[in-house]
There are 2 protein chains.
Amino acid sequence: MVHQSYETLIHKSEAVEADAVSLALPDVCGDQALEASACCKRPRGRPRAYDPDLVLKKALHVFWQKGFAATSLDDLVEATGVNRPSLYAGFGDKEALYLKSMQHYRQRISEQLDTVLSCNGQGDSLSTIVGRYFDIMIGTYTGQSEHPLGCAFMCTALNEAPQHESILEMLQNTIEEFDVRFERFFTDAQTYGCLAAHHDPKVLAQMIGGITANLGVRARAGASADELRLIAGNMTRMLFGA
Amino acid sequence: MVHQSYETLIHKSEAVEADAVSLALPDVCGDQALEASACCKRPRGRPRAYDPDLVLKKALHVFWQKGFAATSLDDLVEATGVNRPSLYAGFGDKEALYLKSMQHYRQRISEQLDTVLSCNGQGDSLSTIVGRYFDIMIGTYTGQSEHPLGCAFMCTALNEAPQHESILEMLQNTIEEFDVRFERFFTDAQTYGCLAAHHDPKVLAQMIGGITANLGVRARAGASADELRLIAGNMTRMLFGA
DNA sequence: AAATTTTTGTGCGAATTGGTACAAAAATTT
DNA sequence: AAATTTTTGTACCAATTCGCACAAAAATTT
């Protein structure tokens with residue numbers, strides 16, 4: 001089997017790469033809140049009948065629930081409403097579609113965290129900020145379905161990591177990003193006087209990671225949002241006081 | 001699809017149920033350290049050509065690496081050396097074999113923990129005991145293969161939980177057992193004066209669970225035993241002092 | 001309106017899947 | 001030694017798997 005890197009797979013299909021760029025960059029076509037399709041001049045051929053972002057969201061939900069291996073292309077076709085060759089043309093094979101779905105998941109969380117995870121010494125206390133962080137995570141772990149689905153990375157990517165180099169890379173990448181983010185957060189907190197100097201930001205970041213993992217696991221096992229909030233509250237209190 | 005409970009599945013095949021009992025109960029055939037087969041009078045038909053416990057161990061390794069869904073019966077036949085109908089006769093279907101393999105895993109860890117996880121106030125300090133606990137977990141997370149495999153529960157059972165009632169039950173059961181064990185450990189530690197009264201055993205148990213989860217995840221992502229020991233050391237120091 | 005380009009949708013095909021039927025084999029019991 | 005019991009191993013089956021070929025469709029461009 002040929003090794004295909006995570007980066008390669010993510011950018012495999014040109015069709016969606018273009019879309020990803022148009023989503024990431026600020027809208028170059030004007031200030032009006034137009035649909036992306038109505039904005040820039042429509043490309044040459046037959047127009048795409050689906051919204052790529054919505055497809056990723058729907059695909060993510062299937063992968064999240066059934067895992068990568070147990071999710072068939074028929075499942076994906078049924079869930080997204082896009083038929084098989086179109087999925088291939090738009091997103092690449094099953095593995096590429098999975099990776100893109102997980103990127104979608106990752107970015108959705110990342111954007112939420114951006115709104116709460118900063119400490120400049122002016123706003124709220126460390127424990128309330130961390131509390132808000134946990135609320136966000138608990139929300140994504142329990143709010144996507146009737147039955148809580150837990151952490152999509154732990155619940156699905158962990159399973160596949162040894163067999164799929166690209167998924168392993170994505171997993172490592174995600175962990176690294178998490179670590180860096182929280183280490184920076186706690187370093188900032190220290191420089192602004194919100195965190196005592198004797199604490200080690202690296203260690204605290206690891207601790208947050210552990211607690212988060214705990215929540216993700218318990219959610220998958222059926223714990224309710226309330227149960228998880230109780231746990232998160234206890235943890236935050238223990239680490240940062242009431 | 002008919003619901004089959006975890007308990008039912010575990011005791012599905014009579015052949016191995018008998019073996020499980022003979023393993024769980026103290027050996028009724030005498031004090032000598034005999035092979036199970038050489039001990040009690042051999043049953044009537046053709047003797048089994050494999051060691052059930054060894055088969056479970058080998059099957060576990062495959063499931064651990066590839067996950068439940070991606071492991072085919074051909075994989076299991078190749079890894080165990082037992083052909084398909086014999087696997088079915090001996091352990092039930094793929095799901096039952098998986099559950100039994102995971103029980104094997106669980107018990108192996110449980111027995112190791114029994115040797116270190118007790119606090120009667122006479123022996124070592126809390127932090128060294130907890131340190132030994134983490135060493136055991138790190139050992140199972142990294143010591144089974146060249147590439148570290150992480151926590152078998154988090155890496156495989158989490159993935160299947162929503163689709164397989166029996167696996168979900170096993171997962172819940174395992175989490176519960178973990179919680180109870182550590183809660184008791186810390187309560188004991190408090191009564192023997194090894195842990196300050198202001199600590200909440202429940203919360204500490206959750207914390208240990210989180211750190212353990214963190215180790216299991218990072219191992220699957222490729223972290224070495226040394227890296228994990230560093231993390232575990234930092235955590236223990238933070239919680240219980242140097 | 002004809003040519004071009006891209007997406008869609010039906011349908012297929014080679015390979016793999018989990019599970020089982022059935023006869024041969026290997027032991028104990030009578 | 002014949003009968004009985006259990007395991008083994010070959011061979012197979014129906015169902016599902018992923019991926020793709022190919023023509024029809026829907027848009028823009030000339």
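Order of the sequence lines fixes the chain letters, A, B, ..., with proteins taken first and strands second; residue numbering starts at 1 for each chain. Everything numeric in this text was worked out from a predicted model, so none of it was measured.
- Rounding to whole angstrom units, CG of residue B:Asp93 and C1' of D:dA15 are separated by 16 Å.
- We find that CG of A:Asn83 is positioned 15 Å from P of D:dG19, with the value rounded to whole Å.
- The side chain of B:Arg44 lies closest to C:dT28, out of C:dT28, C:dG18, D:dG19.
- Between B:Asp74 and B:Arg84 a salt bridge is recorded (basic side-chain N to carboxylate O distance below 4.0 Å).
- The closest side-chain donor-acceptor pair between B:Arg181 and B:Ser110 falls under 3.5 angstrom.
- Across every strand in view, D:dA14 sits in a pair with C:dT17 that passes the Watson-Crick or G-U test at under 3.5 angstrom.
- For the pair B:Ala69 and A:Gly45, nearest-nucleotide mapping onto DNA chain C gives the more 5' position to A:Gly45.
- The base-pairing partner of D:dT8, taking Watson-Crick or G-U wobble contacts with both distances under 3.5 Å, is C:dA23.
- Heavy atoms of B:Pro85 sit under 4.0 angstrom from at least one base atom.
- At C:dT17, one or more side-chain N or O atoms of B:Ser72 fall inside 4.0 Å of OP1 or OP2 (strictly under the cut-off).
- Between A:Lys66 atom NZ and D:dT17 atom P the separation is 8 Å, expressed in whole Å.
- There is a side-chain donor-acceptor pair under 3.5 Å between A:Ser86 and A:Asn83.
- Residue B:Ser86 places no side-chain N or O under 4.0 Å from the OP1 or OP2 atom of D:dT7.
- Taking atom CZ on B:Phe91 and atom P on D:dT7, their separation rounds to 11 Å, with Å as the unit.
- Which of D:dA26, C:dT20, C:dA26 sits closest to the side chain of A:Pro47 comes down to D:dA26.
- In this structure, the CD atom of A:Glu95 is 9 Å from the P atom of D:dG19, given to the nearest Å.
- Between the CG atom of B:Asp74 and the P atom of C:dT17 there is a distance of 6 Å, given to the nearest Å.
- For the pair A:Asp75 CG and D:dC18 C1', the computed distance is 13 Å after rounding to whole Å.
- Checking D:dG19, C:dG18, C:dT8 against the side-chain heavy atoms of B:Lys94 singles out C:dG18 as nearest.
- Considering only the side chain of B:Arg84, C:dT20 comes nearest among D:dG9, D:dC18, C:dT20.
- Within the structure, a side-chain polar atom (N or O) of B:Arg48 is placed less than 4.0 Å from OP1 or OP2 of D:dT7.
- No hydrogens or angles considered: a donor-acceptor pair under 3.5 Å links the side chains of A:Glu95 and A:His164.
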| task | Check the pair A:Phe153 / A:Tyr105 against ring pair (Phe, Tyr, Trp, His ring centres under 6.0 Å), numbers first and verdict last. | result | CA-CA 9 Å; A:Phe153 272 96; A:Tyr105 171 80; 5.7 Å; yes
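- When the side-chain nitrogen and oxygen atoms of B:Arg46 are compared with OP1 and OP2 of D:dT8, none of them lie within a distance under 4.0 Å.
- Atom pair B:Tyr88:OH and D:dT10:C1' shows a separation of 16 Å (rounding to whole Å applied).
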